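Keep in mind that the numbers below use all heavy atoms, side chains included, and drop hydrogens, waters and symmetry copies. Below, chains carry the letters A, B, ... as their sequence lines are ordered, and counting in each starts from 1. Remember, predicted model here, so these are calculated numbers, not experimental data.
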Protein chains: 2
Amino acid sequence: MLSKKAKYALKALLVLAREQGHGPILIGDLALREGIPKKFLEMILLELKNHGLLQSKKGKGGGYFLAKPAEQIFFGEVVRILDGPLAPIPCVSQMAYMTCEECQDEESCGVRLVMKQVRDAIAEILDGTSLADAAKRVERVRRRKHTA
Amino acid sequence: MLSKKAKYALKALLVLAREQGHGPILIGDLALREGIPKKFLEMILLELKNHGLLQSKKGKGGGYFLAKPAEQIFFGEVVRILDGPLAPIPCVSQMAYMTCEECQDEESCGVRLVMKQVRDAIAEILDGTSLADAAKRVERVRRRKHTA
DNA sequence: ACATACCCTACTATTTCTATAGAGTTCATG
DNA sequence: CATGAACTCTATAGAAATAGTAGGGTATGT
C-alpha cells in the first residue's frame with residue numbers, strides 16, 4: 001500500500017516536472033493545485049529535498065524545483081524515501097533485507113519465492129518509470145481525451 | 001507490505017497443501033512447525049475457513065485440511081482475505097475501488113497510471129500462483145539443494 | 001463423562017499514519 | 001536595515017492498523 005505521503009509526493013513532483021525551467025513553485029500553490037494539506041506537503045517536500053531530489057529557494061520569489069532533470073527521477077526512488085522498501089516482505093528486500101525469525105530454511109520458503117517475484121515486478125515498473133515518462137503518458141491521455 | 005497474518009496463512013496453507021490427503025492437521029502442529037504463535041494462527045485459520053478455503057474437524061483426531069485441491073487455491077485469494085485489496089492505491093483497485101477525494105481528473109493522473117500498472121503486475125503473479133505451484137517450486141529447490 | 005480440539009469475541013499494547021502547531025532561518029526588496 | 005515572504009525543523013497528537021493474548025464456548029470421539 002502506497003502511503004498518502006508518497007502519493008502526495010509523486011503528485012507534487014509531477015507538477016514540478018511539468019513546470020521545470022519556469023522557476024520555483026510555492027508549496028502553497030502545489031498544495032492548492034493538488035488538494036494536499038499545505039503543512040503536510042511542506043514536510044514531504046523537505047524530506048525530498050534532504051534526499052537530493054529537490055532544491056529550494058527561500059524568501060520572496062522562492063519555492064521548490066527539481067534538483068535534476070525529470071528524466072532522472074524515478075518513482076522507485078521517491079517511494080523508497082517516503083515509504084521504505086518496495087518489497088512486500090523484508091526477506092526479499094534488496095535495500096533492507098531481514099530474515100524472518102520464524103523461517104526454518106529461507107531458500108526453500110514458498111512464500112518467499114513468490115514474494116520475490118512480486119518484488120521484482122514492482123521494482124521493474126517503479127525503477128523504470130521516471131517523472132518524465134509519467135508526464136508524457138499523462139499528456140497523451142489528455143490529448144486523446146481532448147480530441148475525442 | 002504483506003502482513004504477518006497473510007504470511008503465516010500462506011505458510012500454513014503450504015504445509016496443508018503438502019499433506020493433503022493425509023487427514024486433518026492440528027493447529028498446534030502447524031504453529032510449531034512454522035514458528036507461529038498458536039493462538040494467532042487459530043484466528044487466521046478460522047478466517048480462512050469462514051471464507052471457504054479450509055475445512056475442519058473438531059475433537060480428538062480433528063484438525064484442519066484444505067477445502068479444495070491445492071491447484072485451486074491462489075495466493076491472491078489468500079492475501080485479499082487477510083490483507084484486503086492487492087492494489088497499492090484504492091483508485092486502481094478492482095475489488096475495492098475508491099476515488100481519491102483530492103484528485104481533479106482521475107483518468108489523467110500520472111500516479112494512478114503507474115500504480116495501475118503495478119496492481120496489474122501484482123495481481124498477475126498472485127492470482128496466477130496456486131498453492132500447488134508454489135509447493136512444486138519449493139520441491140524443486142529442495143531437490144537441487146540436496147543433489148548439490 | 002471426559003478429554004481433545006476447534007470456535008468465537010473481546011481486549012490490549014505497540015506502532016504507523018496523517019496530519020497540525022509553532023517557533024526559527026533565510027532572502028529579496030524598498 | 002527593517003519587513004514580510006517563504007522555506008526549515010522539531011514536537012506533538014489523534015486515529016487507525018497490526019500483532020498478538022485471554023478466556024470461555026461448542027462439538028466430537030472413546
Student: Checking A:Thr147 now: which residues fulfil side-chain contact (heavy atoms from CB on, under 4.5 Å) with it, not counting sequence neighbours?
Tutor: none
Student: Less than 4.0 Å between a side-chain N and a carboxylate O, is that true for A:Arg137 and A:Asp133?
Tutor: no
Student: In chain order, what residues pass the side-chain contact (heavy atoms from CB on, under 4.5 Å) check against A:Ala87, with sequence neighbours excluded?
Tutor: A:Val92, A:Ser93, A:Arg119
Student: Given that B:Leu2 and A:Asn50 both sit by DNA chain D, which one's nearest nucleotide is further toward the 5' end?
Tutor: A:Asn50
Student: Check every nucleotide of DNA chain C for an atom under 4.0 Å from a heavy-atom of chain A, then give the first and the last such nucleotide from 5' to 3'.
Tutor: C:dT18 to C:dA28
Student: For A:Tyr64, which residues count as a ring pair (Phe, Tyr, Trp, His ring centres under 6.0 Å) partner, sequence neighbours excluded?
Tutor: none
Student: Please determine if a side-chain N or O atom of B:Ser3 lies less than 4.0 Å away from the OP1 or OP2 oxygen of D:dA17.
Tutor: no
Student: Does the pair B:Glu139/B:Lys136 count as a salt bridge with the N-to-O cut at 4.0 Å?
Tutor: no
Student: Give the rounded distance in Å between these two atoms: CG of A:Leu30 and P of D:dA6.
Tutor: 13 Å
Student: Rounded to the Å, how far apart are A:Tyr64 OH and D:dA5 C1'?
Tutor: 15 Å
Student: B:Gly63 near the nucleic acid: base, sugar-phosphate alone, or nothing, with a heavy-atom cut-off under 4.0 Å?
Tutor: sugar-phosphate
Student: Give me, pair by pair, the N or O atoms of the protein and of nucleotides 27-30 of chain D that are less than 3.5 Å apart, along with how far apart they are.
Tutor:
from   : atom 1 : to      : atom 2 : distance (Å)
D:dA27 : O4'    : B:Lys58 : NZ     : 3.3

Student: Could you pull out all residues at least two apart from B:Phe75 that satisfy ring pair (Phe, Tyr, Trp, His ring centres under 6.0 Å)?
Tutor: none
Student: Is the shortest distance from a Lys or Arg side-chain nitrogen in A:Arg142 or B:Asp105 to a carboxylate oxygen in the other one below 4.0 Å?
Tutor: no
Student: List in numerical order all residues of residues 73-104 of chain A for which some heavy atom is under 4.0 Å away from an atom belonging to DNA chain C.
Tutor: none
Student: Students often get this wrong, so: under 4.0 angstrom with heavy atoms, is B:Leu45 touching a base, only sugar-phosphate, or nothing?
Tutor: nothing
Student: Roughly how many Å is it from CG in A:Leu48 to C1' in D:dC7, rounded to a whole number?
Tutor: 14 Å
Student: List, by chain and then residue number, the residues other than A:Val141 in its hydrophobic cluster (Ile/Leu/Val/Met/Phe/Trp/Tyr, side-chain heavy atoms under 4.5 Å); write none if there are no others.
Tutor: A:Val138, B:Leu113
Student: According to the salt bridge (Lys or Arg N to Asp or Glu O under 4.0 Å) rule, which pairs have a member within residues 65-81 of chain A, sequence neighbours left out?
Tutor: A:Lys68-A:Glu77, A:Arg80-A:Asp127
Student: Is A:Lys7 salt-bridged to B:Glu102, going by a charged N under 4.0 Å from an acidic O?
Tutor: yes
Student: Mind checking what makes ring pair (Phe, Tyr, Trp, His ring centres under 6.0 Å) contact with A:Tyr97, not counting sequence neighbours?
Tutor: none
Student: What's A:Ile27 touching, base or sugar-phosphate or nothing? Going by heavy atoms closer than 4.0 Å.
Tutor: sugar-phosphate
Student: Can you confirm whether more than 12 heavy atoms, excluding those of B:Met98, are under 6.0 Å from its CE atom?
Tutor: no
Student: Do B:Arg112 and B:Gln117 meet the criterion of a side-chain donor-acceptor pair at a distance under 3.5 Å?
Tutor: no
Student: Under the side-chain contact (heavy atoms from CB on, under 4.5 Å) test, which residues partner B:Glu124, sequence neighbours left out?
Tutor: none
Student: Output one line per pair: protein atom, nucleotide atom from nucleotides 20-24 of chain D, and distance, for all N/O pairs under 3.5 Å.
Tutor:
from   : atom 1 : to      : atom 2 : distance (Å)
D:dG20 : OP2    : B:Tyr8  : OH     : 3.3
D:dG23 : O6     : B:Lys39 : NZ     : 2.2

Student: Could you tell me the separation between the CD atom of B:Glu47 and the P atom of D:dT18, rounded to a whole number of Å?
Tutor: 12 Å
